[in-house]
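Note on naming: letters A, B, ... go to the chains in the order of the sequence lines (proteins, then strands), and numbering restarts at 1 for each one.
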There are 2 protein chains.
Amino acid sequence: MTAAKRANVTLKDVATAVGISQSAVSMALSDHPRISETTKEAVRAAAARLGYVPNSAGRALRAGRSTSIAVVVPNTGQHVFGHPYFMHLLVGVTAEANARDAALMVSTNPDETHGVAAYERVLRSQAASGAIIASASISDRNVNRMVEAALPVVLVGRFVHLPHAASVGIDEIAGAAAITRHLVEDHGLTRIAHISGPLDHQTAVDRYEGFRGALAASGRPCTHTLAVGDFSEESGRAAARQVLDSMTDLQAIFAANDEMAYGAMLEIRSRGLRIPEDIALAGYDDFGVSRLTTPGITTIHVPAEALGRKAADILFDLLDGTAPDPVHTVLPFDLVIRESCGPHSG
Amino acid sequence: MTAAKRANVTLKDVATAVGISQSAVSMALSDHPRISETTKEAVRAAAARLGYVPNSAGRALRAGRSTSIAVVVPNTGQHVFGHPYFMHLLVGVTAEANARDAALMVSTNPDETHGVAAYERVLRSQAASGAIIASASISDRNVNRMVEAALPVVLVGRFVHLPHAASVGIDEIAGAAAITRHLVEDHGLTRIAHISGPLDHQTAVDRYEGFRGALAASGRPCTHTLAVGDFSEESGRAAARQVLDSMTDLQAIFAANDEMAYGAMLEIRSRGLRIPEDIALAGYDDFGVSRLTTPGITTIHVPAEALGRKAADILFDLLDGTAPDPVHTVLPFDLVIRESCGPHSG
DNA sequence: TTGAAAGCGTTACCAA
DNA sequence: TTGGTAACGCTTTCAA
């Protein structure tokens, strides 16, 4: 009786209350046809009265798998976990997990004990029966290991070196190309800087590639430059400083995410330049705050919640053994045109 | 062999590999003094070689409690779960849980099956051995039930009707008073509107109370008015519209959180009024984006991450039975002065 | 229609 | 110093 009284009601308690056996109670509660309706009635009443809740450890042990799934987000750093992307993802995963009566674990610590990442232990210990991995770093070897060990995982994002793993994502290259075309074709801007994310993140690589590809495909003489950030607002500001200093007559900045675009906005403003009159600005992600700035930032809307939902969906299928061959699911994105690139013109 | 091969290494496997008994392996791995060093060595080697990871269901069943804790956030609505507050809270809880090698479950669905909220089931099923509850609604009966059932929970926020439950929070009344004094005393503003959150949230009530109290205590003739929002940016804008229309010569708006302050900012701007020259603006929370606006919004910094960390800390103590009597832990806040109330003068 | 018993993986107690 | 065994709560097979 230290902290909380542990008066856990078990099957046996219900059984003695009703005056039947434990196994009969178990079957009654799972609506097994071999139990009479009257008995079931009595069992259900007693269970409710006593407040019986099945013990998940017992159930998991018996079943050989738990009813939880895990979401793995990289690092312990606020940078990444604090990013709104993960919250949106979590909302989606939660919704799907709730719909399936599964519990959700969140794991962030890649800290290796005995060479096994914390989240791999979560799976191997069967605390969770499968995982959704939102780690974006190409160089994260833990992801490889889990995939190679054939653990039930679904990756969020694109992992070019893991073609056989199930994954969900959007076509980042197409997204970046779409927004670049918007700058070039709709607004006639040809001197553009890109602020990329860290290039060991596939997302950053893809967005940069989409940017360059669209410029090349535009058929116009475009000049571009690159500054590398780390997806944080501060790094966006620093990168903007760099490109504003280095490229004369810069007409537009396309940041690989909205937070870096905010940073760029601060830097542009601090130089007394106007958006979009002097410099056009575009972002990527659209997690809620882009519309709050003045002007609103034109961006690509990433359906993070839908991604989470779909990832969970695939994971559950995987666990049920009903999954199709490992697939790469690609969800659609939207180009959201606000005011930061100039008046809309097509 | 449907989805993933399940070749789970158990204690028995290690035991047969080493040629000793299961229980000896168990003790060896937990470094029990009664096992010889040579045996321990052999056991550890075999365990590592075979990739043994203890099964958490078996362990939890045996121990009568799991090693997970749960974080409960209200509702399934994006409104709340998507709020940056919870991200910060989660970061803190995660850090502390990681430090204790505990897994973290996240539960959001209050959807009641058999009259028991989903997150109560998580506790009762012992999937998690304790919970941190970040539900803010005064009228959430589930919180009462869990506290009354003496389940090991720590509340985040103030629950006046649950004086015996452990809780962490900040002094919201003092926070609102501090920012109100800043408006009145540092800037000499006396015609102030408050945009509150929903008044079935203790946080909203407390911040409103702090506001009124500070005005009353100021000894100056102040005029104030109230509009009620729901902590969302949209509602902040609507509330600002209302107070700007109703109160002539309004000098300042104090919104009960930053998001509503953003909304107010949009409304103020759309009327061609300047901040802070025509209207001063203050917010509350300081979850990262207040500094991005122009001007930056003066606000109260709520140490959400520290709250999460502390809540987890208390919960673990509670579970260990080493907790002091249920306490209300109050963490300090900071008044963060930016530009939205005018040039700093005191 | 129901009861008894076995076994999932772990740990702790009691023998040896 | 160690091995056997029982028990945690649950489901399921086998026996009645």
N or O in side chain of B:Arg62 less than 4.0 angstrom from C:dA12 OP1/OP2: no
A:Ser26 side chain near D:dT11 phosphate (N/O to OP1/OP2, under 4.0 Å): yes
Side-chain heavy-atom pair B:Leu90, A:Phe86 within 4.5 angstrom cut-off: no
Roughly how many Å is it from [atom1] in [X] to [atom2] in [N], rounded to a whole number?
X        : N      : atom1 : atom2 : answer
A:Gln22  : D:dT11 : CD    : C1'   : 9 Å
A:Asn55  : C:dG9  : CG    : C1'   : 14 Å
A:His32  : D:dT12 : NE2   : P     : 8 Å
B:Arg59  : D:dA7  : CZ    : P     : 22 Å
B:Leu29  : C:dG9  : CG    : C1'   : 13 Å
B:Leu11  : D:dG3  : CG    : P     : 13 Å
B:Ile35  : D:dG3  : CD1   : P     : 7 Å
A:Gln126 : C:dG9  : CD    : P     : 8 Å

Would you call B:Glu37 and B:Arg44 a salt bridge, using N to O less than 4.0 angstrom? yes
Within the side chain of B:Arg100, is there an N or O that forms a donor-acceptor pair under 3.5 Å with the backbone of B:Ala312? no
Please check: side-chain N/O of A:Asp13 versus main-chain N/O of A:Thr10, any donor-acceptor pairing under 3.5 Å? yes
Considering all heavy atoms of both residues, which atom of A:Leu50 and which atom of A:Ala17 are nearest to each other, and what is their separation? CD1-CB, 3.9 Å
For the side chain of A:Thr10 and the base of D:dG9, is some donor closer than 3.5 Å to an acceptor across the two? no
Please work out if A:Arg34 contacts a base, only the sugar-phosphate, or nothing of the nucleic acid, heavy-atom cut-off 4.0 Å. base
Of B:Ser36 and A:Met27, the one whose closest DNA chain D nucleotide lies more 5': B:Ser36
As a test of reading the structure: which of D:dC10, C:dT2, C:dC8 is closest to the side chain of A:Thr39, going by heavy atoms? C:dT2
If each of B:Ser23 and B:Gly58 is mapped to the nucleotide of DNA chain C with the nearest heavy atom, which maps nearer the 5' terminus, i.e. the 5' end? B:Gly58
